[in-house]
S.K.: 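Structure in structure tokens, see below.
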Protein chains: 2
Amino acid sequence: MIGKNYISLLRENILFKDLEEEKLAGFLTAFQEEIWPKNTCNITKTPTLFKFYIIAEGRVKIYRVDPESAREFTLFLLKKNDIFDVLCLLENCEHKVFYETLDEATLLSVPIKIMREWIVKYPQINKSLLPYMGKQIRILEEYTSNVVLSDISSRLAKLILTNINKKSKKLELINDLSNDELANLIGSTRAVVNRHLQQFKKDGILKISRKKVEITNLELLLKQAEKNHFSG
Amino acid sequence: MIGKNYISLLRENILFKDLEEEKLAGFLTAFQEEIWPKNTCNITKTPTLFKFYIIAEGRVKIYRVDPESAREFTLFLLKKNDIFDVLCLLENCEHKVFYETLDEATLLSVPIKIMREWIVKYPQINKSLLPYMGKQIRILEEYTSNVVLSDISSRLAKLILTNINKKSKKLELINDLSNDELANLIGSTRAVVNRHLQQFKKDGILKISRKKVEITNLELLLKQAEKNHFSG
DNA sequence: AAACAAATACTACGTAAGTAGCATTGGATC
DNA sequence: GATCCAATGCTACTTACGTAGTATTTGTTT
């Protein structure tokens with residue numbers, strides 16, 4: 001059982017938002033609060049085969065690693081109210097990915113068995129899963145599309161653009177990541193990302209300081225996102 | 001209304017398989033049979049915004065095109081009993097992809113509005129959509145993973161390997177595709193794919209004739225799939 | 001303030017993959 | 001069987017990317 005202050009979290013969660021207030025309180029009794037320190041990896045933690053997680057705070061990356069080259073790339077960058085792992089939830093087989101916290105993260109966990117019972121019992125949850133998965137498919141299609149059709153500088157520009165908060169006009173979610181993590185997000189390597197960041201800086205597109213990116217010329221950034229050596 | 005011979009098709013369809021026989025017959029009255037000639041593209045056809053399709057025969061590729069470079073790449077290669085477009089079904093917004101038949105194809109179409117009503121009315125359909133989408137997510141994750149972490153020869157080898165029928169040991173689904181279409185499937189170009197196919201031939205891995213690939217040494221092909229210049 | 005580690009910056013180099021252009025082949029069509 | 005077109009095969013060239021190695025910066029710890 002965990003604190004009632006998490007009800008407002010569930011109320012905004014894509015899976016639970018359509019359920020009545022009393023039900024939500026009931027659900028909370030099954031959840032457990034877990035604090036994962038920064039850089040906690042799922043290899044050393046209870047695997048997602050047995051627990052289903054909701055992120056209450058912090059960021060978690062879902063990533064793959066090529067065992068030979070040790071190169072890593074990030075499939076999803078999860079934030080508050082994101083959930084994992086849906087694939088393990090649906091099928092009892094392993095999902096060949098790793099999880100790692102980028103910050104100290106607060107997670108709500110529930111035994112995956114119970115979560116499965118809920119899906120059967122509450123059609124709303126089942127129904128809500130569809131648009132969630134649809135969104136993931138769209139993200140992955142876009143990701144693949146970019147990796148195949150766009151060069152690194154274009155992908156880097158797009159990555160930055162999609163993480164600009166429309167209201168504040170500031171870079172969010174990825175603004176404090178190292179060059180290494182940025183590279184993982186676009187399927188490249190640290191050195192190459194840095195090379196392009198330096199070029200962006202020279203071009204007056206952005207300012208960089210340690211683990212910090214600030215856009216100074218949005219228009220040029222947009223152009224950079226479209227520019228592509230594959231095209232004429 | 002279409003022929004009753006399609007009942008057996010629905011009985012094997014991932015979305016309809018759990019429904020009673022009488023219901024299936026009822027469903028069929030809403031379907032329309034459409035014959036799409038080879039290379040029919042959805043741009044010239046009724047868009048997927050209004051109809052939902054089941055493939056009865058033939059292959060359909062879902063692909064994207066980079067408008068500038070005109071480079072194309074295939075996201076999914078659909079075959080008998082595959083369905084499209086699930087994303088349009090879930091959300092009323094456009095799915096930024098194209099469809100094109102690789103053979104003359106027979107499709108069953110139903111107005112997307114009716115399909116949506118069925119989803120609400122029959123929870124089995126709703127429930128069946130989840131594993132279907134889960135599978136798509138897995139495919140896309142693997143796709144992205146390969147494009148980022150593996151070189152072309154490795155991707156080409158993997159593409160061939162995943163399309164070998166386990167029983168007949170023969171190449172299926174993609175065995176009669178042009179180098180161009182093979183390139184689209186791994187995110188590359190005709191000339192490069194051909195270059196690697198020639199090398200595979202030299203290495204005694206396979207025999208090639210026009211629009212035909214035959215594996216002669218499976219073991220070497222497996223090695224080729226693992227070999228990767230990104231790794232040490 | 002000194003020491004340290006981590007992140008970033010920069011240079012140099014090798015190479016797979018993309019592109020262009022053309023030759024050759026094979027299967028259809030007339 | 002002559003013609004035609006699309007698919008394949010091949011050569012030559014360019015380049016963005018990845019890697020390696022090292023220098024420099026920056027922020028934190030002692």
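Below, read A as the first sequence line, B as the second, and so on, with proteins coming before strands; counting in each chain starts at 1. When reading the values below, keep in mind they use all heavy atoms of this one structure, side chains included, and skip hydrogens, waters and symmetry mates. This structure is a prediction, so every number in the text was calculated from the model and none was measured.
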S.K.: Tell me which of B:Ser178 and B:Val148 sits closer to the 5' end of DNA chain D, going by the nucleotide each one is nearest to.
M.R.: B:Ser178
S.K.: Any idea which of C:dA9, C:dA7, D:dT19 is nearest the A:Ala191 side chain?
M.R.: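 Per side-chain heavy atoms of A:Ala191, the pick is D:dT19.
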S.K.: Given the structure, check if the side chain of B:Arg195 and the base of C:dA17 hold any donor-acceptor pair shorter than 3.5 Å.
M.R.: yes
S.K.: Examine C:dT8: is either OP1 or OP2 under 4.0 Å from a nitrogen or oxygen in the side chain of A:Gln198? Give yes or no.
M.R.: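 Indeed not, no polar side-chain atom of A:Gln198 lies that close.
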S.K.: Look at the side-chain N and O atoms of A:Asn179 and state whether any lies under 4.0 Å from the OP1 or OP2 oxygen of C:dA7.
M.R.: no
S.K.: Please check if atom CZ in B:Phe98 has more than 12 non-hydrogen atoms from other residues, nucleotides or ligands closer than 6.0 Å.
M.R.: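 Counting other residues, nucleotides and ligands, CZ of B:Phe98 stays at 12 neighbours or fewer.
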S.K.: Whether the side chain of B:Arg210 and the base of D:dG9 hold a donor-acceptor pair under 3.5 Å is what I'd like checked.
M.R.: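 No, the side chain and the base share no sub-3.5 Å donor-acceptor pair.
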S.K.: D:dC17 C1' sits how many Å from B:Leu149 CG, rounded?
M.R.: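 Rounded to the whole Å, the gap is 15 Å.
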S.K.: Give a yes/no answer on whether the side chain of A:His196 brings an N or O atom under 4.0 Å of OP1 or OP2 in D:dC17.
M.R.: yes
S.K.: If you check the A:His229 side chain, which of D:dG18, C:dT19, D:dA16 turns out closest?
M.R.: D:dA16
S.K.: For A:Arg190 and for B:Ser188, find the nucleotide of DNA chain C with the closest heavy atom, then tell me which residue's nucleotide is more 5'.
M.R.: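 Residue closer to the 5' terminus by nearest nucleotide: A:Arg190.
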S.K.: What about A:Arg71: does its side chain form a donor-acceptor pair under 3.5 Å with the base of D:dG18?
M.R.: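 Looking at the base of D:dG18, it does not pair with any donor or acceptor on the side chain of A:Arg71 (distance under 3.5 Å).
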